[in-house]
Amino acid sequence: MITVWPQYLNKNLSLSEGRKIAKEYCVRDPTIKDIETALKRLNLKYEVQKEFSYPGKWYEKSGRILVEWDKTKLELIREISLKIKEIKK
């Protein structure tokens, strides 16, 4: 299982604030709902955990999603982000 936080895909954050991929792949302020919708469309198994806070922003409950994926974490994040962009068009 790979943990995905919304911060990983957020175009408005720097790498030191939690973004994991290049800004060209990122989206503005992704929500757990956006990520969940993308995962449904990608037909991936996942588990939403809304009560968790990203360690860098422990005071803010952003939630996280655990995803079953057999490739790298960065590949998963990029796929989710591209799917969110496709959905929001």
Side-chain angles (χ1 to χ4, degrees):
M1 296 289 261
I2 294 179
T3 302
V4 177
W5 298 91
Q7 288 81 353
Y8 289 175
L9 318 167
N10 194 336
K11 188 177 238 174
N12 298 325
L13 298 179
S14 67
L15 291 171
S16 64
E17 292 173 314
R19 181 172 50 84
K20 295 279 187 204
I21 56 175
K23 283 190 176 183
E24 65 188 77
Y25 297 111
C26 291
V27 293
R28 272 191 170 58
D29 300 318
T31 64
I32 286 291
K33 194 74 177 157
D34 294 334
I35 296 170
E36 187 175 7
T37 302
L39 290 169
K40 280 181 187 172
R41 298 238 179 130
L42 290 166
N43 293 320
L44 295 174
K45 292 183 182 180
Y46 63 91
E47 177 187 337
V48 177
Q49 297 180 330
K50 294 182 180 180
E51 70 282 356
F52 284 83
S53 299
Y54 184 67
K57 289 193 176 186
W58 52 268
Y59 48 86
E60 190 179 287
K61 288 198 190 303
S62 61
R64 70 180 184 186
I65 298 184
L66 303 177
V67 185
E68 282 188 28
W69 181 256
D70 56 357
K71 297 178 188 166
T72 69
K73 183 179 218 169
L74 292 178
E75 288 174 314
L76 172 62
I77 295 167
R78 202 174 294 123
E79 286 292 321
I80 293 169
S81 191
L82 291 172
K83 187 56 77 173
I84 292 171
K85 280 183 165 190
E86 183 183 302
I87 292 166
K88 287 189 172 186
K89 279 187 178 180

K.L.:
Taking the hydrophobic residues Ile, Leu, Val, Met, Phe, Trp and Tyr, and joining any pair whose side-chain heavy atoms are under 4.5 Å apart, which ones share a cluster with Y59?
P.N.:
W58
K.L.:
Charged N to carboxylate O under 4.0 angstrom, E86 versus K83?
P.N.:
yes
K.L.:
Is there a side-chain contact between M1 and V67 (heavy atoms, below 4.5 Å)?
P.N.:
no
K.L.:
May I ask you to test the R19-N10 pair for a side-chain heavy-atom distance under 4.5 Å?
P.N.:
no
K.L.:
Got a salt bridge between K11 and D29, using NZ or NE/NH1/NH2 to carboxylate O under 4.0 Å?
P.N.:
no
K.L.:
Report yes or no: do Y46 and E36 form a side-chain donor-acceptor pair below 3.5 Å?
P.N.:
yes
K.L.:
Within the 3.5 Å criterion, strictly below it, is a donor on D34 or T31 matched to an acceptor on the partner's side chain?
P.N.:
yes
K.L.:
So F52 and S62, do their side chains get closer than 4.5 Å, heavy atoms only?
P.N.:
no
K.L.:
Side chains of I21 and Y8: closer than 4.5 Å at any heavy-atom pair?
P.N.:
no
K.L.:
Between E47 and Q49, is there a side-chain donor-acceptor contact under 3.5 Å, judged purely by atom types and distance?
P.N.:
yes
K.L.:
Could you tell me whether K85 atom NZ has more than 12 heavy atoms of other residues or ligands within 6.0 Å of it?
P.N.:
yes
K.L.:
Is a side-chain N or O of E60 found less than 3.5 angstrom from the main chain of K57, in a donor-acceptor match?
P.N.:
no
K.L.:
Is the number of heavy atoms from other residues, nucleotides or ligands under 6.0 Å of K33 NZ greater than 12?
P.N.:
no
